[in-house]
Undergrad: 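Structure below; questions to follow.
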Amino acid sequence: MQLSRPGFGCESVGIHVPELPEVEVTRRELLPKLLGRRIAEVSTTRKSYFFITPPARLRRELLGRTPTQLTRFGKYLLLELDDGARLLLHLGMTGQLFFSGDPSVRLLQALRGVTLAPERQETGFTPDAHTHLVLSFADAGQSLYFRDVRKFGKVELLAPQQSSPRLDKLGIDALLAKGSDLYAASRGRSVATKTLLLDQSVLAGVGNIYADEALFIAGVSPVRRANRLKPEACDAIVAATQRVMLRSIETGGSSISDYVRPDGERGSYQDERQVYSRTGQACVRCGSVIKRRVLGQRSTHYCPKCQAR
DNA sequence: AGACTAACCTGAAAGC
DNA sequence: TGCTTTCAGGTTAGTC
């Protein structure tokens, strides 16, 4: 999704709804910055829909902990701590995770019209009302910020050995799946193929944008009933899903969910996007008009000719 | 169990 | 110009 920000000194700003690739790139970027650094200060906004674990408990129990690992399951991130507890993070739709000192932090400041005191301009970030969790580390005074305007994101602290229903019900990670996994899951399912792809208990990590792109590449109609899919179609869908996701990770273009390009250059995804949000435009393959319809409360974009079945 | 829908939330964009 | 409505989307909870 690309939003125009006329007030900013460049043409456009790429803002991505975080799906698997964005979460994975975020993980890779944050990993080396977080490991082995003790949490010296924790601040939060007040109790809200955003916090599965009450913020007061987060402030109390995260203090003094040291991250030992950062892993990803589907669109979830799991920050493992030195006492065996785990912090589960989900970016929802508008979640942004960033570390002080990142270029995007300063650009975010610019977007919001915030001017920092000179001594804070290099590494500082002033949390606003949408910055719900800040972990400040002992050395170098740097911090991890979790900002989320719409609060569809989630934070949950799991005690050592505590399981998470949210994680437990995830299906196989979309990057690790095989066509046979999708085929098996599609049996007995009369829902549209697009709906099945978005089901996190089937393939974890697929969101609306990549689902549309993958089905276009695979040449499968989004409305085709899942239980009518043949094994070959499932192979093609999974291969296409992985292709678009790996490509996105590889370019790192839109990378971190709030990634903002200083020169106004568009994120790579926008350039490679073939159907998503291209309603009414010509199909890049056959020239037909790209259609849009709503499936499972999600806008779905497809080429009626290339995806006839 | 599977299918379907409303709700959560905010800000940009469109409509009037 | 300014107010109102619509829309976007990941996930959960609730109903049928």
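Below, read A as the first sequence line, B as the second, and so on, with proteins coming before strands; counting in each chain starts at 1. Model, not experiment: these values are computed from the prediction.
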Undergrad: Could you tell me which residues satisfy side chain to side chain contact (heavy atoms under 4.5 Å, CB included) with A:Glu232, sequence neighbours excluded, listed by chain and number?
TA: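 With neighbours one apart ignored, the set is A:Lys230.
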
Undergrad: Extract from the structure each pairing of a protein N or O with an N or O of nucleotides 8-10 of chain B at less than 3.5 Å, listing the distance.
TA:
from	atom 1	to	atom 2	distance (Å)
B:dC8	O2	A:Tyr49	OH	2.9
B:dC9	O4'	A:Arg150	O	3.3
B:dT10	OP1	A:Lys151	NZ	3.4
B:dT10	O2	A:Arg150	NE	2.9

Undergrad: How is the hydrophobic cluster of A:Leu198 composed, in terms of its other members, when Ile, Leu, Val, Met, Phe, Trp and Tyr link through side-chain heavy atoms under 4.5 Å apart, directly or indirectly?
TA: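 Traced through the cluster, A:Leu198 reaches no other member.
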
Undergrad: Apply side-chain hydrogen bond (donor to acceptor under 3.5 Å, both in side chains) to A:Arg59 and list each qualifying residue two or more places apart in sequence or on a separate chain.
TA: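 With sequence neighbours excluded, A:Arg59 shows a side-chain hydrogen bond (donor to acceptor under 3.5 Å, both in side chains) to A:Thr44, given in chain and number order.
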
Undergrad: Quick check on contacts: within residues 189-196 of chain A, what sits under 4.0 Å from DNA chain B by heavy-atom distance?
TA: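 Listed by number, they are A:Arg189, A:Ser190, A:Val191.
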
Undergrad: Other than A:Tyr302, what residues sit in its cluster of Ile, Leu, Val, Met, Phe, Trp and Tyr side chains whose heavy atoms are under 4.5 Å apart, directly or through others?
TA: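 None; A:Tyr302 is a cluster of one.
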
Undergrad: According to the side-chain hydrogen bond (donor to acceptor under 3.5 Å, both in side chains) rule, which pairs have a member within residues 155-180 of chain A, sequence neighbours left out?
TA: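 Applying side-chain hydrogen bond (donor to acceptor under 3.5 Å, both in side chains) to every pair that reaches into residues 155-180 of chain A, excluding sequence neighbours, yields A:Arg72-A:Asp173.
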
Undergrad: My understanding is that only residues two or more places apart in sequence, or in another chain, count here; which of them pass side chain to side chain contact (heavy atoms under 4.5 Å, CB included) with A:Val149?
TA: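 Listed in chain order: A:Thr94, A:His130, A:Arg147.
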
Undergrad: Which ILVMFWY residues can you reach from A:Leu167 by hopping between side chains whose heavy atoms are under 4.5 Å apart?
TA: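 Hydrophobic cluster check, A:Leu167: joined to A:Phe73, A:Tyr76, A:Leu78, A:Leu88, A:Leu158, A:Leu170.
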
Undergrad: Need one value for A:Ser299: base, sugar-phosphate or nothing, where a base atom within 4.0 Å counts as base even if backbone is also close, heavy atoms only.
TA: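 If one applies the 4.0 Å heavy-atom cut-off, A:Ser299 turns out to touch the sugar-phosphate alone, with no base involved.
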
Undergrad: Please list, in numerical order, the residues of residues 165-180 of chain A that have a heavy atom closer than 4.0 Å to any atom of DNA chain C.
TA: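 Here the set is A:Arg166, A:Lys169.
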
Undergrad: Which angle, to the nearest 10 degrees, lies between the helix axes at the two ends of the helix from B:dG2-C:dC16 to B:dC16-C:dG2, each defined by five pairs?
TA: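 Inter-axis angle at the termini of the helix from B:dG2-C:dC16 to B:dC16-C:dG2: 60°.
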
Undergrad: Once side chain to side chain contact (heavy atoms under 4.5 Å, CB included) is applied, do any residues pair with A:Ala218, and if so which ones, sequence neighbours excluded?
TA: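 Residues passing side chain to side chain contact (heavy atoms under 4.5 Å, CB included) with A:Ala218: A:Val220, A:Ala236, A:Ile237, A:Ala240.
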
